[in-house]
There are 2 protein chains.
Amino acid sequence: MYIYPMYSSELIKGTLKTIVLNLLKENDRMYGYEITQKVKELTSNKIQITEGALYPTLHALEKHGDVITDKVYIGKRVRKYYILTDQGKKTVKERVNELADFMKTMRFLLDIDSSLSNV
Amino acid sequence: MYIYPMYSSELIKGTLKTIVLNLLKENDRMYGYEITQKVKELTSNKIQITEGALYPTLHALEKHGDVITDKVYIGKRVRKYYILTDQGKKTVKERVNELADFMKTMRFLLDIDSSLSNV
DNA sequence: AATTTATACATAAGAATCTAATGTATTGTT
DNA sequence: AACAATACATTAGATTCTTATGTATAAATT
């Protein structure tokens with residue numbers, strides 16, 4: 001059974017906020033651990049968000065007003081749900097558009113589309 | 001006259017080495033300043049490599065054996081040409097393939113291809 | 001002729017963002 | 001009973017960038 005390699009960490013830098021915001025756009029409410037598992041699953045283990053990266057990011061999004069939280073107890077264990085605000089919905093669009101544009105530029109710059117092996 | 005905005009710096013992080021290596025693959029020999037101008041030109045000012053980012057990157061590539069240098073004097077002014085080594089040619093392929101794969105994953109994860117506004 | 005802009009290298013302090021490690025605690029599985 | 005999974009969080013250290021600074025030559029403008 002072949003294990004897909006993870007991407008080198010430099011690549012993921014700068015896209016984490018966008019990934020998290022976009023997941024929240026599509027799922028209404030998610031908690032931290034759920035986000036790490038969902039990304040892992042959706043990317044066949046190629047992107048694994050570490051907790052040391054995720055939680056500070058979530059806290060920053062909350063501070064910035066892009067998300068609000070809802071603390072829920074499952075038995076005695078705490079869970080913090082994150083929900084997009086209206087402001088956050090705007091931020092998602094901006095971020096995703098910017099990333100899409102950036103990737104377009106990179107494909108051109110690196111002449112990627114012409115070799116069809118990676119489409 | 002509309003000035004295209006630059007991408008936020010987080011996005012560029014982690015792709016600089018790949019951009020530089022790929023340019024060297026396509027141009028045989030280039031010097032630092034030339035690289036900054038070429039990237040600026042090819043991306044309509046949307047990616048502007050700063051010297052503080054570029055020179056340390058070039059030095060790291062040399063240290064790692066991906067490039068060798070050729071110091072040339074234009075009159076009294078020095079110019080350091082960078083040339084890919086065989087090792088460097090391998091590294092370019094790996095880096096570009098990884099970035100292409102990563103962008104593919106991101107397009108899927110962020111559901112970008114379905115909205116055709118950014119293709 | 002003098003000043004400014006462009007060319008061309010380089011380094012260094014500080015910011016941002018990540019990894020890896022550590023910590024606490026509960027719940028499910030073997 | 002022991003281990004793995006769930007769920008939060010923080011911190012030291014690494015990496016990679018920005019911004020500022022420095023040095024110097026060549027070309028263009030006033």
I'd like a table of atom pairs between the protein and nucleotides 27-30 of chain C - only N or O on both sides, under 3.5 Å - with the distance next to each one.
{"residue": "dT27(C)", "atom": "OP1", "partner": "Lys76(A)", "partner atom": "N", "Å": "2.9"}

Check: For residues Thr36(B) and Glu51(B), is any side-chain donor paired with an opposing acceptor at under 3.5 Å?
Finding: no
Any residue meeting side chain to side chain donor-acceptor pair (under 3.5 Å) with [X], in chain and number order, not counting sequence neighbours:
{"X": "Arg29(B)", "value": "Asp70(B)"}
{"X": "Lys38(A)", "value": "none"}
{"X": "Lys25(A)", "value": "Asn22(A)"}

Check: For DNA chain D, what residues of residues 18-34 of chain A have any heavy atom nearer than 4.0 Å?
Finding: Tyr31(A), Gly32(A), Tyr33(A)
Whole-Å distance separating the [atom1] atom of [X] from the [atom2] atom of [N]:
{"X": "Tyr7(A)", "N": "dC18(C)", "atom1": "OH", "atom2": "P", "answer": "17 Å"}
{"X": "Lys71(B)", "N": "dA8(C)", "atom1": "NZ", "atom2": "C1'", "answer": "12 Å"}
{"X": "Lys38(A)", "N": "dT6(D)", "atom1": "NZ", "atom2": "C1'", "answer": "17 Å"}
{"X": "Arg79(A)", "N": "dA7(D)", "atom1": "CZ", "atom2": "P", "answer": "4 Å"}
{"X": "Ile47(A)", "N": "dT19(C)", "atom1": "CD1", "atom2": "C1'", "answer": "16 Å"}
{"X": "Glu62(B)", "N": "dC9(C)", "atom1": "CD", "atom2": "C1'", "answer": "13 Å"}
{"X": "Glu41(A)", "N": "dT6(D)", "atom1": "CD", "atom2": "P", "answer": "12 Å"}

Under the side chain to side chain contact (heavy atoms under 4.5 Å, CB included) rule, collect the residues that match up with [X], sequence neighbours excluded.
{"X": "Lys76(A)", "result": "none"}
{"X": "Glu94(A)", "result": "none"}
{"X": "Gln48(A)", "result": "Met6(A), Lys40(A), Asn45(A)"}
{"X": "Thr18(B)", "result": "Leu110(A), Arg95(B), Val96(B), Leu99(B)"}

Check the interface with nucleotides 2-5 of chain C: list each N/O to N/O pair with the protein under 3.5 Å, or write none.
none

Checklist line | Asp101(B) with Lys104(B): basic N within carboxylate O range, under 4.0 Å | finding: no
Next item on the list: Using the rule that two of Ile, Leu, Val, Met, Phe, Trp, Tyr join whenever any of their side-chain heavy atoms come within less than 4.5 Å, decide whether Val72(A) and Ile83(A) are in one cluster.
Entry: no
Check: Does one hydrophobic cluster hold both Leu42(B) and Ile35(B), with members joined at side-chain heavy-atom distances below 4.5 Å?
Finding: yes
Checklist line | Residue pairs passing the ring-ring contact (aromatic ring centres under 6.0 Å, His included) test where at least one lies in residues 83-110 of chain B, sequence neighbours excluded | finding: Tyr7(A)-Phe102(B)
Check: If the sugar-phosphate is the primed atoms plus P, OP1 and OP2 and the base is the rest, what is the B/S/- string for nucleotides 9-21 of chain D, using protein heavy atoms under 4.0 Å?
Finding: BB----BBSBB--
Next item on the list: Kindly check if the number of other-residue, nucleotide or ligand heavy atoms within 6.0 Å of NE2 (His64(A)) is above 12?
Entry: no
